[in-house]
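I have placed the structure first, in the form of structure tokens, so that the comments after it can refer back to it.
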Amino acid sequence: MPSVADILIPLALDNAYSYAVPAGLILAPGDVVQVPLGPRETVGVVWQVSESPGGSNLRPVTGRVEAPPLSDSLRELVDWLARYTLAPKGSALAMALRLPDEAARSETSRIGVRASGKPPARPTAARMKVLAVAADGTMRGKSALAKEAGVSLSVVDGLIDDGALEAVALAPEPVALPPDPDHARVPLSEAQAEASQNLIDLAFPSAEGEGAPKAPTVLLEGVTGSGKTEVYFEAVAEAVRRGHQALILMPEIALTAQFLGRFAERFGVRPATWHSGIGAKRRERLRAGVAAGEVSVVVGARSALFLPFADLGLVVVDEEHEAAYKQEDGVHYHARDMAVVRGRLENCPVVLASATPSIETKVNAEKGRYAHIVLPERFGGRRLPDIHAIDMRLDKPEKGRFIAPPLVNAVRATIEAGDQALLFLNRRGYAPLTLCRACGHRYQCRNCSTWLVEHRFRRALVCHQCGYAERRPEACTECGTFDNLTPCGPGVERIAEEVAALFPDKRVIVLSSDFPGGAERLRAELQSVADGDCDIVIGTQLVAKGHNFPHLTLVGVLDADIGLTSGDPRAAERTFQLLQQVTGRAGRGERPGRALVQTYQPDHPVIAALLSGDATRFYEEEIAAREAAGLPPFGRLAALIVSANERDVAEAHGQALARAAEPPDGVMVLGPAEAPLALIRGRYRFRLLVKTERAVDLQTYLRDWLKRGPKVRGNVKVAIDVDPQSFL
DNA sequence: AGCACGCCGACT
DNA sequence: GTCGGCGTGCTC
């Protein structure tokens, strides 16, 4: 009887297509195949195979493709992801099936060279240096040999042409060396040792197999500097000892040399890494290695979640609260949540690590859905910094200045003691608003309705939402008055000016994402700050994450109130996390650091909790507040409507949705200023985001609603940002 | 994702 | 009168 294969194609298609399986070809679910689609050939994955008497009018499968098949659990993950995010199944599949293009597949092996024994025809000085190095007769990579001899590659090439060196094709370098779980047991504090033992007992219960309890999700919560990494490294080591694979997910920015170095210290080798910057060739080999079970530990960004692991035994999500885990284009998903889902489907433990967990994770831990391990103190007896408020209503900075006198004094004392001070202001550029003193005109973005931010270094006015930029005018574009534009409020560039005036002979650096010279220079600059090559650092949120600054003893927060009124339902949470992290940077060795927080509202719950040094207080208050307001993660159904440039349509949708027969608990309409950047960069004129705990009910509800709602021009996308726990 | 079809504005 | 913009729909 002829068999029919249902093949899912990685395009925006919601259903698998049926193809005839030619005689002699035996297909199983998960196999990667090539199929005709319209006028062209595409790859697809077998989703189902059935015997059917008819169906001979189907087009036949072209053939099998050399690629690791998708396991049952990975296919389940794709189905789950599609259903949950309301994305077409094919789009979800595309996440797990980014095949490299044909050009990249072709095998270009590395070339090794060694001395042939034949003397060179023209023995120049450079050539002799190379031959001296190669004299031992061992095989080296071409570039390695050139580097070792201190000459350029062309000298080596010349010697190959000459015949003095012989070139041999080398076997490709292994994708990753096997990590040794017992390479170097770093000394753990008592608290760390206890936490890692608890974690291992939870993650790898002694009774494996039938009747064993379901693999848990564990929240590993530890204050900044408590050594969470060492704790979960022990769990990774245990997974490897048991012959399983482990995946460590990190926000893309955190994939630093610093972290990889720490891994190498513990496990003897650098881990295999997976992120968007990995070349197609390496990607494919790594994928194959992962599928064959040869690569035992992968450290990767969110897309690593869709690798075809043969035997996944542990997933760690580091800094689980990071917004970078959210994919905001194409299929919208939250990698932390999908990690939990994949853990369930693979029946493998998942560890969520953070110093400042997200509210939803905290709630899940409190409700007992996640196990909870807490590291309450810093490693090595280091104390948390002392945090004090500077009430800006009482301690005013001088006119035209933004740093209050107590903070100026603290900075002076710090650098006089030979330490480093950090001034934190989460605002890029020179001034967030420019206005004309003659006519009062305020410079606004022509696409969004936000103020244009002056960037003095670039001599431009820039929109921080859409990237629109114009030259800073000499005369007002409205009234024509010359040289009368006034910058209002501070950005980091303006603070740099103030600091230069206050401390003219000190080394000052400004670190923000528009650092001249790009990411590479920035990385080097962060390192030099860590090495102590600077007295005062002025930085945006970029300095709050990733890098450690061991010489830092003072953190000054210049405007703690930024972000508290943004209209984002997560504003309080985000602000608390950011401030907690940046103030936690202060401290050097045994000496506790100091943090001074400039604020106009020291009694605001977020600021008060931060000042009290009691994070538990913040979480309790925020959880209670959200529960009362019906916001996520508690809201039964809350809609968040974002419109890039048709706010009126969004408003109409929001109002109508609120009046619906079965209204959501809350409707929020956000204008472009508050809308996520990705939405505005995308071509969508209109977009609807939904936050709820009931994604599945909502799917039908919203599809139905969108048919009846106000007429919307352009694309409408529905994305869901919720807690997956309730559907597992 | 591609590619075709189709319906309104500016051109040889 | 056509060329071509991209909005919409289809691919087993």
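Lettering of chains follows the sequences in order, A, B, ..., and the numbering in each one begins at 1.
Per the geometry, OH belonging to A/Tyr17 stands 6 Å off P belonging to C/dT11, to the nearest Å. If you take CG of A/Leu13 and C1' of C/dG9, they are 12 Å apart, rounded to a whole angstrom. Rounded to whole angstrom, the span from the CG atom of A/Leu11 across to the P atom of C/dC12 amounts to 11 Å. Taking atom CG of A/Asn15 as the reference point, atom C1' of C/dC10 lies 13 Å away to the nearest angstrom. In this structure, A/Ile7 atom CD1 and C/dT11 atom P are separated by 17 Å, rounded to whole Å. The CD1 atom of A/Ile9 sits 12 Å away from the C1' atom of C/dC10 (whole-angstrom rounding). Following rounding to the nearest Å, A/Asp14 (CG) and C/dC10 (C1') show an atom-to-atom distance of 14 Å. When rounded to the nearest whole Å, the span between CG of A/Leu93 and P of C/dT11 equals 19 Å.
The ring-ring contact (aromatic ring centres under 6.0 Å, His included) check on A/Phe306 picks up A/Tyr333, with sequence neighbours excluded.
Considering only heavy atoms from C-beta on, A/Arg270 stays 4.5 Å or farther from A/Phe263 through its side chain. A/Arg342 places none of its side-chain heavy atoms less than 4.5 Å from the side chain of A/Val315.
Running 5' to 3' along DNA chain B, contacts with non-hydrogen atoms of chain A at under 4.0 Å begin and end at B/dA1 to B/dG2.
Nearest heavy-atom pair across A/Ala291 and A/Ala310 is O-CB, 3.3 Å. Contact between A/Pro251 and A/Glu319 at its shortest, heavy atoms only, is CG-CB, 4.1 Å.
Within the nucleic acid shown, A/Pro10 has no heavy atom closer than 4.0 Å to any nucleic acid atom.
Among A/Asp79, A/Asp6, A/Asn15, the single residue meeting the side chain to side chain donor-acceptor pair (under 3.5 Å) criterion with A/Trp47 is A/Asp79.
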